[in-house]
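Structure, as structure tokens:
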Amino acid sequence: MSTPQRTLLQIMARDFASRLATATFLVDPEGGLIYFNEAAEHILGQPFVEGSTMPALEWATVFSPEAESGEPLELESLPLGVALTRQEPAHGSLRIVGSDGVPRTIEVTGVPLFAHAGEFVGAMAIFWEPEGP
């Protein structure tokens, strides 16, 4: 199985994410997982496996995202889903259950990535666990 050809902006975004101490998740224009960094591994409860693929409908459900009210969130309601489907930035607070079984409340900012005006190449989510109760 060959690795899909990446755009220069996707490569640069991955390099940027790999240098951040803040959890970052990167997807291609179809929503396929490109990369998540070491800080995200702790929150998601699993390591990133090079060459693995996870389509949008899988990552949008595998961590059981829900609103703070307890209602399940669909892809289109997640900040990264908004950045992906509407190609506009979004922010929100939600709860997930990591692959390690630990429930976590996280703040997420999703940002669409454009190589040029009108050339959508994917989206990035930056997320963290807020401090305090």
Side-chain angles (χ1 to χ4, degrees):
M1 176 182 233
S2 65
T3 303
Q5 185 69 26
R6 300 288 179 215
T7 68
L8 179 59
L9 184 59
Q10 289 170 335
I11 293 166
M12 292 172 64
R14 179 186 167 137
D15 182 62
F16 172 70
S18 73
R19 297 168 191 270
L20 289 177
T22 305
T24 307
F25 195 99
L26 182 64
V27 298
D28 65 23
E30 292 77 38
L33 171 66
I34 292 175
Y35 177 72
F36 59 83
N37 66 6
E38 189 173 328
E41 291 178 358
H42 169 74
I43 294 173
L44 300 176
Q46 70 180 56
F48 176 73
V49 178
E50 192 67 47
S52 66
T53 60
M54 188 183 300
L57 292 179
E58 184 176 340
W59 60 253
T61 59
V62 73
F63 302 109
S64 305
E66 60 182 39
E68 292 187 87
S69 64
E71 295 177 43
L73 293 172
E74 301 295 323
L75 171 67
E76 295 79 15
S77 300
L78 299 170
L80 183 56
V82 171
L84 180 65
T85 61
R86 292 193 289 199
Q87 299 177 4
E88 55 188 51
H91 178 83
S93 180
L94 55 117
R95 293 189 300 216
I96 63 166
V97 177
S99 295
D100 56 3
V102 177
R104 295 176 173 90
T105 298
I106 60 173
E107 293 285 328
V108 183
T109 299
V111 181
L113 300 174
F114 293 91
H116 302 283
E119 186 183 346
F120 179 68
V121 297
M124 178 182 284
I126 298 175
F127 53 103
W128 60 95
E129 293 179 273
E131 294 185 23

### Task
Verify the neighbour count for atom CD of Glu107: are there more than 12 heavy atoms of other residues, nucleotides or ligands below 6.0 Å?
yes
#### Entry: Same apolar cluster (I L V M F W Y, side chains within < 4.5 Å links), Ile34/Leu78
yes
#### Entry: Closest contact, heavy atoms only, Gly92 versus Pro79
N-CG, 3.6 Å
### Query
So do Leu33 and Phe48 actually touch side chain to side chain, heavy atoms under 4.5 Å?
yes
### Message
Can you tell me how the ring of Phe36 sits relative to the ring of Phe25, calling it parallel under 30°, perpendicular over 60° and tilted otherwise?
### Response
parallel
### Query
Are there more than 12 heavy atoms of other residues, nucleotides or ligands under 6.0 Å from atom CZ of Phe114?
yes
### Task
Verify, without hydrogens or angle tests, whether His91 (side chain) and Gly110 (backbone) share a donor-acceptor contact under 3.5 angstrom.
no
### Query
Do other residues, nucleotides or ligands put more than 12 heavy atoms under 6.0 Å from the CD atom of Glu38?
no
### Query
Between Gln10 and Pro29, which heavy-atom pair has the shortest distance, and what is it?
NE2-CD, 3.6 Å
### Message
If you apply the rule side chain to side chain contact (heavy atoms under 4.5 Å, CB included), what do you find for Ile126 with Val111, and how did you get there?
### Response
CA-CA 8 Å; Ile126 298 175; Val111 181; 5.9 Å; no
## Note on the structure
Correct closest heavy-atom pair for Ala39 and Ala23 would be CB-N, 3.5 Å
### Query
Between Trp128 and Thr109, is a side chain to side chain contact (heavy atoms under 4.5 Å, CB included) present by the stated rule, with each step listed?
CA-CA 9 Å; Trp128 60 95; Thr109 299; 3.9 Å; yes
### Message
Could you go through Ser93 and Glu68, starting from their C-alpha distance and side-chain angles, then the distance that decides it, and tell me whether this counts as side chain to side chain donor-acceptor pair (under 3.5 Å)?
### Response
CA-CA 7 Å; Ser93 180; Glu68 292 187 87; 3.3 Å; yes
### Query
Minimum heavy-atom separation for Leu84 to Ala56, with atom names?
CD2-CB, 4.1 Å
### Task
Treat each ILVMFWY residue as a node, draw an edge where side-chain heavy atoms are under 4.5 Å apart, and state whether Val82 and Leu73 are in one component.
no
